[in-house]
Every structure is written in structure tokens, then in C-alpha cells.
Number of protein chains: 2
Amino acid sequence: MLTKKKKRWDDIPGCSLEAALNVIGGKWKGVFLFHLLDGTMRFNELSRLAQGASPRLIVKQLRELEEDGLVNRKVYAVVPPKVEYSLTEEGHSLHNILHALSEWGDLWVDNHPVEPVTKP
Amino acid sequence: MLTKKKKRWDDIPGCSLEAALNVIGGKWKGVFLFHLLDGTMRFNELSRLAQGASPRLIVKQLRELEEDGLVNRKVYAVVPPKVEYSLTEEGHSLHNILHALSEWGDLWVDNHPVEPVTKP
DNA sequence: CAGTATCCCGGATGATACTG
DNA sequence: CAGTATCATCCGGGATACTG
């Protein structure tokens with residue numbers, strides 16, 4: 001019998017670049033990974049980063065990052081609950097890429113001012 | 001009066017990293033950009049890279065890349081039609097990032113073998 | 001060759017409410 | 001605090017056919 005887990009990158013088109021983007025490209029994944037570079041964070045802190053996102057989505061993104069081996073989830077058996085998220089070694093291996101993306105995005109945003117443009 | 005163009009990164013959460021991922025994160029954008037690093041390509045060549053994608057999607061991705069200033073589209077007034085796509089300077093500025101992503105993706109895929117796993 | 005034009009679906013995301 | 005549960009929605013993307 002086969003257990004075939006549905007992976008988001010099942011459809012790898014032979015291109016590892018696609019795989020990479022699938023792993024870090026989720027809605028808030030970049031932001032989470034980037035901020036986790038600085039240390040562990042709790043669920044609430046991450047929530048605050050993802051302004052306006054519902055807990056559901058946040059959990060989903062974090063679970064996927066966990067499944068993909070980029071993030072650790074440590075649950076403390078206390079009440080009220082406490083859960084800490086941190087990067088795995090593999091997660092930290094994204095350090096350079098995440099910073100590069102951030103810097104590139106910075107420049108790009110500068111060079112591509114968001115319209116509106118006032119029209120006479 | 002204001003003209004407000006709907007941008008895919010309208011919802012920038014203050015994080016330039018998100019912006020970057022939104023720009024290069026489309027289904028085939030990474031692949032297209034990566035291969036365009038090596039030179040200009042025609043529509044058909046790009047289509048072949050995106051195995052199984054419908055022309056509609058391909059056009060859409062290319063148009064977005066064009067709008068975002070990463071890709072040039074040069075139309076030759078000949079018949080049969082000939083259109084060449086190439087990277088702008090801004091597109092080329094992604095060189096390092098694209099290669100880094102590709103390499104990282106390579107490693108990651110190696111370390112995360114796709115199931116299925118045979119179960120006794 | 002390099003696209004358009006339609007129709008359509010499913011997964012990704014949102015909103016709201018509830019709980020161990 | 002850190003989530004689940006449920007319902008609703010949106011739109012990225014697929015399939016197919018047609019054209020200058």
C-alpha cells in the first residue's frame with residue numbers, strides 16, 4: 001500500500017526553483033521566516049506580523065513551514081498555553097536569500113511607486 | 001480624479017519581502033525569469049518550459065512580469081508573428097537571487113524526498 | 001506563431017464564532 | 001493563549017476552441 005502525501009510541490013516541473021518558491025511563497029511565509037531569523041516567537045507575535053490575517057491562515061502557514069522542515073514548534077505544557085516557533089537549521093539556511101529578497105523588494109517598491117496618479 | 005490600478009501587491013504589509021515574492025512568485029515566473037537570464041526567448045520556447053500550461057496563463061504571467069518592469073516584449077512586424085522576450089536591467093538584478101533560490105531548492109528537494117513510502 | 005475568448009473548478013483565503 | 005470549526009468567497013489556473 002502506498003501513502004501518498006499531497007505536497008504543494010508535487011507538480012515540480014523539474015525545476016528546483018519552483019520548489020523553493022513553493023516552500024517560501026505562501027502568503028505570510030516570507031514574513032514569518034524573515035522575522036524568525038532573529039529568534040523564537042510566540043503565536044501571538046507572529047499574528048501581529050500578519051496584520052488582519054485570521055488565525056486559521058496563520059496556523060496553516062506555520063504548519064506547512066513545520067512540515068517542510070523550516071520551522072520548529074515547541075509546546076509548553078503550561079496554562080495558559082505557550083507555544084514557541086523557531087527556525088530549524090534548514091530554515092536558517094535561507095538567511096541570505098531572505099535578506100536578499102527583502103533588499104531587492106525594498107528597491108523595487110521604491111522604483112515602482114504605487115499608483116494612484118492624479119489625472120487632470 | 002484618481003486612477004487606481006489594481007496591483008497584486010496592493011496589500012503590502014509593510015514588508016518589502018512580501019512585495020518581492022509577489023513579483024516573482026507567480027506559477028511560472030521564476031522559471032521564466034531564470035531561463036531568460038541566458039538571453040531572449042520567443043513565446044513558444046517559454047511555452048515549452050511551462051509544460052502543460054495553457055497559453056492563457058503563460059501570457060498572463062509574461063504580461064505581469066512586463067508590467068512589473070522585469071521583462072521586455074519586442075514584437076516584430078513580420079508574418080508569421082515573432083515576439084521576443086528578454087530581461088530588463090531590473091530583471092537582471094534578480095540574477096543572484098534566482099540562482100540562490102535554484103540552488104537552495106535543489107538541496108531542499110534532495111533532503112525532502114517525495115513520498116510515497118511503501119508501508120508494510 | 002502568438003496569442004484571444006469562454007467557461008469553469010478547486011484550493012487558497014476571509015469572516016466569525018467557539019474552546020481546552 | 002493558541003488554536004478549531006464552519007461557512008462563504010475569490011481568483012489563480014485549467015480546458016478547450018478560435019484567429020490575425
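Side-chain atoms are counted along with the backbone in the values below, which use heavy atoms only and exclude waters and symmetry mates. Convention: sequence-line order gives letters A, B, ...; per-chain numbering from 1.
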**Message:** Check the phosphate of C/dG3 against B/Tyr85, side-chain N and O only, distance under 4.0 Å to OP1 or OP2. Yes or no?
**Reply:** yes
**Message:** Under 3.5 Å for both pairing distances: what stems, at least three Watson-Crick or G-U pairs long, include DNA chain C?
**Reply:** C:1-20 with D:1-20
**Request:** Looking only at non-hydrogen atoms, find the nearest pair between B/Lys29 and B/Ile24 and report the distance.
**Result:** CB-O, 3.6 Å
**Message:** Measuring to OP1 and OP2 of C/dA2, would you say a side-chain N or O of B/Lys82 lies under 4.0 angstrom away?
**Reply:** no
**Request:** Take atom NZ of B/Lys60 and atom P of D/dC11, then tell me their distance rounded to the nearest Å.
**Result:** 10 Å
**Complete:** Residues A/Gly30 and B/Leu17: closest non-hydrogen pair is CA-CD2, 3.7 Å
Just the table, please: protein N/O against nucleotides 4-7 of chain D N/O, every pair under 3.5 Å.
residue: D/dT4; atom: OP1; partner: A/Arg63; partner atom: NH2; Å: 2.9
residue: D/dT6; atom: O4; partner: A/Arg56; partner atom: NH1; Å: 3.4
residue: D/dC7; atom: N4; partner: A/Arg56; partner atom: NH1; Å: 3.0

**Prompt:** Within the distance-only criterion (no hydrogens, no angle test), does the side chain of A/Thr40 pair as donor or acceptor with the backbone N or O of A/Tyr85 below 3.5 angstrom?
**Reply:** no
**Prompt:** Could you state the CD-P distance from A/Glu64 to D/dG3, rounded to the nearest angstrom?
**Reply:** 15 Å
**Request:** Figure out the CH2/P separation between A/Trp28 and C/dA12, and round it to whole Å.
**Result:** 17 Å
**Spacing between B/Leu62 atom CG and D/dG13 atom P, to the nearest angstrom** = 13 Å
**Complete:** side-chain hydrogen bond (donor to acceptor under 3.5 Å, both in side chains) filter on A/Ser93, not counting sequence neighbours, yields B/Trp104
**Message:** Does D/dA2 have its OP1 or OP2 closer than 4.0 Å to a side-chain nitrogen or oxygen of A/Arg42?
**Reply:** yes
**Prompt:** Quick one: B/Asn22 CG to C/dT13 C1', roughly how many Å, whole number?
**Reply:** 14 Å
**Prompt:** So what does A/Pro81 hit on the nucleic acid, given a heavy-atom distance under 4.0 Å: a base, only sugar-phosphate, or nothing?
**Reply:** base
**Message:** Donor-acceptor pair, distance only, cut-off 3.5 Å: does the side chain of B/Ser16 make one with the backbone of B/Ala19?
**Reply:** no
**Request:** Mind calculating the distance between CD (A/Glu18) and C1' (D/dG12) to the nearest angstrom?
**Result:** 14 Å
**Request:** Figure out the CD1/C1' separation between A/Ile58 and C/dA12, and round it to whole Å.
**Result:** 15 Å
**Request:** With the side chain of B/Leu57 defined as its heavy atoms from C-beta on, choose the nearest nucleotide among C/dA15, D/dG13, C/dG3.
**Result:** D/dG13
**Message:** So, OP1 or OP2 of C/dT13: does either fall under 4.0 Å of a side-chain N or O from A/Gln61?
**Reply:** yes
**Nucleotide C/dA2, atom P - distance to CG of B/Asn44 in whole Å** = 5 Å
**Prompt:** Would you call B/His95 and B/His92 a side-chain contact if the rule is heavy atoms closer than 4.5 Å?
**Reply:** no
